[in-house]
Every structure is written in structure tokens, then in C-alpha cells.
Amino acid sequence: MSTKNMINKGEEIIETEVSADDQKLINLFGRLNNRKHELLREKKVKQEELEKATDANDDIFLVDDEDTKFQYSMGEAFLELNKEETEEMVNSYISKLESSIEKIDQDLQDISDKHNELKVILYGKFKNSINLEE
Amino acid sequence: MTEVDPYKILFEQDIKSASNIPSVTFISNVDDFLKDKVIDEVFNRLQEAHQKYKYYESKLTNNVSLLTVRAKQLQESLDIVERVEKKKDDTYNVQYELSEGVYSSAEVKEPKSIYLWLGANVMLEYSFEEAGEVLRKNKESVDRQLKETIQDLGFVKDQITTTDVNISRVYNYDVLQKRKQKQNKGREEEEEEEK
């Protein structure tokens, strides 16, 4: 998962000098690559949370008795709420999750754009003596 | 209050350490760099640096997750304060944890204030505004620390990548040097034979 200049044991070693600026670009690639994997993990967690929240929402919807009290978990305590309040809370939680997943997707897109840009430059210069893993 | 994304900094070309972590030297010219140096020593030094930064990296990664959790908890507390304040004219029930897995019910009647656990066995009563303020202040400080740690982590990652590249470049240079020597030797031998 790291970005590395491949150690060439093979026949051909292309001698391309790495400049300080090249090094910066390689670093940037690796740094964003780390972040990308973090984001993917985060996204998975959020999606699972979202699924649970959506399930909860469906279950609340199925409750016929309008006077039913719900226990809404907050920190270490449970708050007793009526149906309407609970729905409001769950829905706001869902939309929060949805917007944070959207944000993650946007960030991933930004990283992918930057990665492509860097790949053009770095592969252009170093050909196959560099290996930009993702 | 607009949320600033603490991860934005990772997109910058140049990232500096927030807490003065030393940087590795980029080898601008391997030939010059290796002059009057023993190659094995150079390798050892580079490996050492690599390990050192790897250690930093795991430490900082750990800090980032701790701080992220802390920020999330504070946000939760803020949400609760806000929620209780909204319901300050109501009377309602709350189930609270007495002990691990044991809950009891309490009636909250028109709450006027809220208590914050400050740590060191101290809990203090606050008005809703004050409680929010205290929590926000704490969160700001955690967010700042988080931002700095993320920056440091990015920086350390850069040092690791630079060291990786340094190692490969020195290695490649060494292989190339040895190959050239071998070729020269071969040529000399051929010349010998010709004579």
C-alpha cells in the first residue's frame, strides 16, 4: 500500500535522476494514498451505520400505536421520546450520515484526480522504474 | 461556525511538521552523497531512519484515532446538552446506567441546568449556555490537536517515502556500480587474452 520506487534487480536499470521536486510529488502521491485507504475504511463504517439507522427508521414506521414511547440512546443514557420526536432524531441522524458519505466520495474523487495527474507526470519521467501502488 | 476539514492539508505539495519532527535529507545526487562513505553504513543509517519514522507513524496514527474518538464524544455531549435545553419546559423520563448493564429510570422535570463531569472525581453544575461553551471550548482544543497530529502524520509519511526512495536509489546505484566494475573487469580480461 505504500508508494515506492521499485528496486530493480532485473536487467535494466534506467538511470533517471530523482530531483527534489520529483520527490515531493512522490511523497504527495503516497500521502494521499494513505488517506484514500483511511477514507475507504471510514466509508464502510458509515455505510453500515446508515444501514442500521435506515432499518431503525423502518421499524419505527411500523409501530401503529402513536403513543408508544421510544428509548433513544444518547451517550450512556436513554431518552424517552414519542414517535414523532424519535423519527425526527433518526432522520436527522440519517441525513448527517448521508452527507458525510457524500463528503467522503467527494474527497475520494479529489484524491483520484490528483493521483491521475501525478501518475502522468511521474510515469512520464520514470517510465517503469517507478511503481505507484494504490 | 464553519467546519474546517483537518485533512485538507494532505493535498498540499509541501507539508511541514507541526511539532518540529526532524526531516530526512533528500539525496540530490547519489554519486556525491556516497563519496567517502561506506555503502553498508549508509544502508544501516537509512534503515534506522526508516524504523524511527515507522515508529512515529504508528504513534501518530494511534493519536489520531484517540483524538477522533474524543472529538466525536464531545460532539455527542454537545448534542445532548442542546437536546436537553430544547426540552427544558417538559417533563420526561430518562433511563440511566447505574452500573454496567443495569439501568434505572428517572424523571426529568423542567431541567434548569446540566452537570458536566470534569474528571478527577469532580462534577460541576452549569447553565445550558455555559455547558455548551465549556464543551465547545474543549472540542476546539481537541480539533486543533487533531489537525496538528494529522499534519505531523502527513509529514512523517513523507519522510518514510523519501527514505524508501533514498534506499532504492542507493541500492540501484550500488548494483549499477558493481555491474560496471564487472564489465570493466571482463573487458580487461579479454584484453589480457588478446595479448
Side-chain angles (χ1 to χ4, degrees), chain A residues 2-36 38-39 42 69 71-82 85 89 92-93 96 100 103-104 106-107 110-111 113-114 118 126 129-131, chain B residues 3 5 7-15 24-31 57 61 64-65 68 73 76-77 79-80 83-84 86-87 90 92-97 103-108 150 153-162 164-173 175-176 179:
Chain A
S2 72
T3 314
K4 227 182 244 190
N5 258 23
M6 244 203 325
I7 299 176
N8 264 310
K9 286 189 186 168
E11 287 306 294
E12 251 175 78
I13 293 176
I14 306 152
E15 272 179 288
T16 315
E17 267 310 311
V18 183
S19 73
D21 280 337
D22 297 332
Q23 181 67 63
K24 276 180 194 164
L25 298 182
I26 297 168
N27 288 352
L28 180 59
F29 189 96
R31 211 196 294 143
L32 289 178
N33 205 30
N34 267 16
R35 179 68 188 139
K36 180 180 142 184
E38 269 170 35
L39 282 170
E42 230 175 90
K69 295 279 186 195
Q71 306 294 333
Y72 195 89
S73 155
M74 270 194 135
E76 281 166 37
F78 292 90
L79 203 59
E80 203 171 273
L81 299 171
N82 64 33
E85 283 173 314
M89 297 283 276
S92 91
Y93 180 57
K96 232 185 236 168
S100 64
K103 167 92 173 52
I104 290 175
Q106 182 57 50
D107 286 354
D110 288 350
I111 289 176
D113 289 348
K114 195 80 203 168
L118 291 170
F126 296 103
S129 65
I130 193 169
N131 182 20
Chain B
E3 291 258 335
D5 183 1
Y7 289 97
K8 260 273 108 59
I9 188 137
L10 298 181
F11 280 88
E12 276 172 32
Q13 192 124 333
D14 245 324
I15 199 163
V24 290
T25 10
F26 169 74
I27 305 175
S28 47
N29 187 300
V30 188
D31 206 3
E57 188 189 32
T61 309
V64 167
S65 48
T68 307
Q73 281 170 344
E76 251 174 45
S77 303
D79 290 345
I80 293 175
R83 193 74 213 165
V84 175
K86 253 189 207 159
K87 287 169 81 75
D90 300 348
Y92 52 93
N93 282 326
V94 167
Q95 266 67 42
Y96 62 98
E97 195 167 26
Y103 288 81
S104 181
S105 190
E107 189 186 76
V108 179
I150 288 164
L153 188 56
F155 173 82
V156 166
K157 169 68 188 158
D158 279 9
Q159 307 316 305
I160 292 173
T161 314
T162 308
D164 274 341
V165 173
N166 279 349
I167 292 172
S168 336
R169 286 171 68 206
V170 171
Y171 178 87
N172 284 356
Y173 179 86
V175 171
L176 219 66
R179 194 172 293 171

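Any value given below was found using the heavy atoms of this structure, including those in side chains, with hydrogens, waters and symmetry copies removed. Labels below follow one simple rule: chain letters A, B, ... track the order of the sequence lines, proteins then strands, and each chain is numbered from 1.
- In this structure, B:E107 places its CD atom where more than 12 heavy-atom neighbours from other residues, nucleotides or ligands lie under 6.0 Å away.
- Using a distance-only test at 3.5 Å, with no hydrogens or angles considered, no donor-acceptor pair links the side chain of A:R31 to the main chain of B:T161.
- Residue B:E76 touches chain A through its side chain alone, counting heavy-atom pairs closer than 4.5 Å.
- Taking B:I27 as the reference, B:V30, B:F33, B:N166, B:R169, B:V170 meet the side chain to side chain contact (heavy atoms under 4.5 Å, CB included) condition, with sequence neighbours excluded.
- Ranked by heavy-atom pairs under 4.5 Å with chain A, the list B:R83, B:K8, B:E12, B:Q73 is led by B:R83.
- Rounded to the nearest 0.5 angstrom, B:S65 OG and A:E38 CD are separated by 9.5 Å.
- For the atom pair NZ (A:K24) and CG (B:D158), the distance works out to 10.5 Å, reported to the nearest 0.5 Å.
- Look at A:E85 and B:K87 and you find a salt bridge, because one of the NZ, NE, NH1 or NH2 atoms lies within 4.0 Å of a carboxylate O, short of that distance.
- Interface residue A:L81: only side-chain heavy atoms are found under 4.5 Å from chain B.
- To the nearest 0.5 Å, atoms CZ (B:F155) and CG (A:N27) are separated by 10.0 Å.
- Nearest heavy atoms, A:V18 versus B:F26: O-CZ, 3.2 Å.
- Considering every non-hydrogen atom in both B:Y92 and A:E80, the closest pair reads CB-O, 4.4 Å.
- With a threshold of 4.5 angstrom between heavy atoms, B:S28 approaches chain A through N, CA, C or O but not through any side-chain atom.
- Judged as a side-chain hydrogen bond (donor to acceptor under 3.5 Å, both in side chains), and not counting sequence neighbours, B:E97 has no contacts.
- Here the side chains of B:Q13 and A:L25 are in contact, with some heavy-atom distance below 4.5 Å.
- For the pair A:D107 and B:D5, the minimum side-chain heavy-atom distance is below 4.5 Å.
- Here the shortest heavy-atom pairing between B:T162 and A:Q23 reads CA-NE2, 3.3 Å.
- Of the two parts of B:Y103, only the side chain, counted from C-beta on, holds a non-hydrogen atom closer than 4.5 Å to a non-hydrogen atom of chain A.
- The contact between A:L79 and chain B is made by backbone and side chain atoms together, counting heavy-atom distances below 4.5 Å.
- Highest contact tally toward chain A, considering only B:V94, B:V108, B:N93, is held by B:N93 [criterion: heavy-atom pairs under 4.5 Å].
- Interface remark: B:I150 contributes no atoms to any contact with chain A (heavy atom separation under 4.5 Å).
- Counting all heavy atoms, side chain and backbone alike, A:R35 lies closest to B:L10 at CD-CD1, 3.6 Å.
- Looking at A:K103, the atoms closer than 4.5 Å to chain B (heavy atoms on both sides) all sit in the side chain, from C-beta outward.
- For A:D21, no part sits under 4.5 Å from any heavy atom of chain B, backbone or side chain.
- From A:N34, atom CG reaches atom OG1 of B:T61 across 8.0 Å, with rounding to the nearest 0.5 Å.
- For chain A, the nearby part of B:E57 is the side chain; its heavy atoms alone come within less than 4.5 Å.
- Considering CG of A:L28 and CZ of B:F11, their distance stands at 8.5 Å, rounded to 0.5 Å.
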